[in-house]
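Below, chains carry the letters A, B, ... as their sequence lines are ordered, and counting in each starts from 1.
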Amino acid sequence: MPELPEVETVKRSLAPHLDGKTIESVVFYWPRTCLGDPDATSAQLAGQRIDQVGRHGKYLLFRLSKHGRDSFLWIHLRMTGNLLLNTRPGPHTRAEMFLSGGTSVVFHDIRKFGKWQWSRDFPERLAQLGPEPLEIDAEDFVRRLARRSMRLKALLLDQEFLRGLGNIYADEALFRAKLHPERSAASVGPRKARALHKAIRDVLQESISAGGTSINNYVDGQGSRGYFQLRTQVYGKAGEPCANCASPVRRIVVAQRSTHYCPRCQRR
DNA sequence: CGAGTCCTGTGT
DNA sequence: ACACAGGACTCG
C-alpha cells in the first residue's frame, strides 16, 4: 500500500511522539515480520533510545542508541502495514513496541508482508537504494534515465533507480509527463525527461500535502486517512474518461503490475 | 524479461 | 470460484 508520500506522512505523525523515548520492549506476534531472529532482535531493542525517526524511500528508519552505541531499526509497511500510536492490539497486529512514558506503537498488517529489521550498522538494503525522488536534481535524473533501456514503468518501480515510487505514483507521473509506460527510458529525450522529473516531484509533493492516498487500508500513525485518492487521474480509473482528452483510460499489465494510462495523451 | 512466492480480504 | 490488491524477493 504505502509509497513515499504515505511513509512520509506516517513518519511525520509518529516522530514527535517517539523522538527521545526509550524502547522498553518489542513483541512479535507474527515472528516472520522480523528479519533475523525475533527473540534476539527484541533483546537488542530493549533499552534503546530513539534518537530520530526518519524515512529512506519507502522504509521508516529509526536511529537508535544504547550505552553510547548507535544502531538502526527499519520498518517496511509493504502492502497493508500500518503503525498506530497508543491503540489496542487487534487480530491483525503483528508486532508491538512499548516505550517509556506509556506510549505504544502497534504494527497492524493484514497480509503479513511487512518487515522489521534491526542492525548494528547502517542497513545494507537501504544503502543499495537509488536517490530520493525529491532530492535528485533534473540534470542528474536526465543522465540516469538515458542510461537505462528498461520500460519506463518498470524503471520507475525499480527502487535502485529511485527510492519511493510505487504503482500509483509511477502511473500518475507518467500521465502528467505524457509518456507511455512501455516506452524505453533511453528513448526519452532530455526535454521529456525533465518533464518526467518535474511530474514525479509534483505528484509526490501534492500527495504529501494531502496526507497520502487512502484506497483501502492506509492510515497514518493517528489513524487518519489521506485524501490524494481524490486527485489521482489514471490510477484505478480504467474505462473512465481521461482528464485531458476524454478518451477512456486503459489498463494493461507491465512488469506484473496493473498500469493505467491514456492511449491518446501517452503515445509510444 | 516473466513467473512464482509470501498472505488475507474484498469485490464480481 | 476467481481476479485483484499502495511491494519486493528469488528463480530460470
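Rounded to whole Å, the P atom of B:dG9 lies 22 Å from the corresponding atom of C:dA8. To the nearest whole angstrom, the two C1' atoms, one in B:dC6 and one in C:dA1, are 22 Å apart. B:dG4 sits 16 Å from C:dC2 when the P atoms are compared, rounded to a whole Å. Comparing C:dG6 with B:dG2, their C1' atoms are spaced 22 Å from each other, to the whole Å.
At a cut-off of 3.5 Å, with distance as the only test, no side-chain donor of A:Y218 or A:T213 sits close to an acceptor on the other residue.
For A:D109 and C:dA8, the CG to P distance is 13 Å, given to the nearest whole Å. Atom pair A:I110:CD1 and B:dG9:C1' shows a separation of 7 Å (rounding to whole Å applied). Between the CG atom of A:N217 and the P atom of C:dG6 there is a distance of 12 Å, rounded to whole Å. Atom pair A:K115:NZ and B:dC7:P shows a separation of 7 Å (rounding to whole Å applied). Summarising the geometry, the separation between NE2 on A:H260 and C1' on C:dG6 is reported as 11 Å, rounded to the nearest angstrom. For the pair A:M79 CE and B:dT5 P, the interatomic distance rounds to 17 Å; values are reported in whole Å. Here the P atom of nucleotide C:dA8 and the CD atom of A:Q117 are 15 Å apart, to the nearest Å. Rounded to whole Å, the distance from NE2 on A:H76 to P on B:dC6 is 19 Å.
Nearest nucleotide to the A:W30 side chain, out of C:dG7, B:dC1, B:dC7: B:dC7. Here the nucleotide nearest the side chain of A:R257, chosen from C:dC9, C:dG7, B:dG2, is C:dG7. Minimum atom distance to the side chain of A:N167 is reached by C:dG6, of the listed B:dT8, C:dG6, C:dA8. Minimum atom distance to the side chain of A:R151 is reached by B:dC1, of the listed C:dA5, B:dC1, C:dA8. Closest to the A:R32 side chain, of the nucleotides C:dC4, B:dC7, C:dG6, is B:dC7.
At the heavy-atom level, A:Y235 lies under 4.0 Å from the strands shown only through sugar-phosphate atoms. When heavy atoms are screened at a 4.0 angstrom cut-off, A:Q256 is found touching base atoms of the nucleic acid.
Annotation: of the two residues near DNA chain C, A:Q159 and A:R111, the 5′-most nearest-nucleotide partner is A:R111.
Distances shorter than 4.0 Å separate none of the side-chain N or O atoms of A:K112 from OP1 or OP2 on B:dC6. A:S258 has no side-chain polar atom (N or O) that falls below the 4.0 Å cut-off from OP1 or OP2 of C:dC4. Using a 4.0 Å cut-off, some side-chain N or O of A:R251 falls inside it from OP1 or OP2 of C:dA5. Contact annotation: A:H92 side-chain N/O to B:dG9 OP1/OP2 distance is under 4.0 Å.
B:dG9 shows a glycosidic angle more than 90° from 0 and is accordingly assigned anti.
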(request) Would you please test A:L60 and A:L83 for side chain to side chain contact (heavy atoms under 4.5 Å, CB included) and show each step? (result) CA-CA 10 Å; A:L60 276 168; A:L83 285 169; 3.3 Å; yes

(message) Between A:T33 and A:K112, is the side chain to side chain contact (heavy atoms under 4.5 Å, CB included) condition met? List the steps.
(response) CA-CA 7 Å; A:T33 292; A:K112 302 176 173 170; 5.8 Å; no

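No aromatic stack links A:F113 and the base of C:dA8, using centre distance under 5.5 Å and interplanar angle under 30°.
Across all strands shown, B:dC1 is found opposite C:dG12 as a Watson-Crick or G-U wobble partner, with both distances under 3.5 Å. Nucleotide B:dC7: unpaired (no Watson-Crick or G-U wobble partner with both distances less than 3.5 Å).
The number of heavy atoms from other shown groups lying within 6.0 Å of OH (A:Y227) does not exceed 12. Heavy atoms of other residues, nucleotides or ligands lying less than 6.0 angstrom from CZ of A:R231 number 12 at most. Within a 6.0 Å radius of NZ in A:K198, no more than 12 heavy atoms belonging to other residues, nucleotides or ligands are found.
With A:E132 as the partner, the side-chain contact (heavy atoms from CB on, under 4.5 Å) test is satisfied by one option alone out of A:L204, A:L162, A:L4: A:L4.
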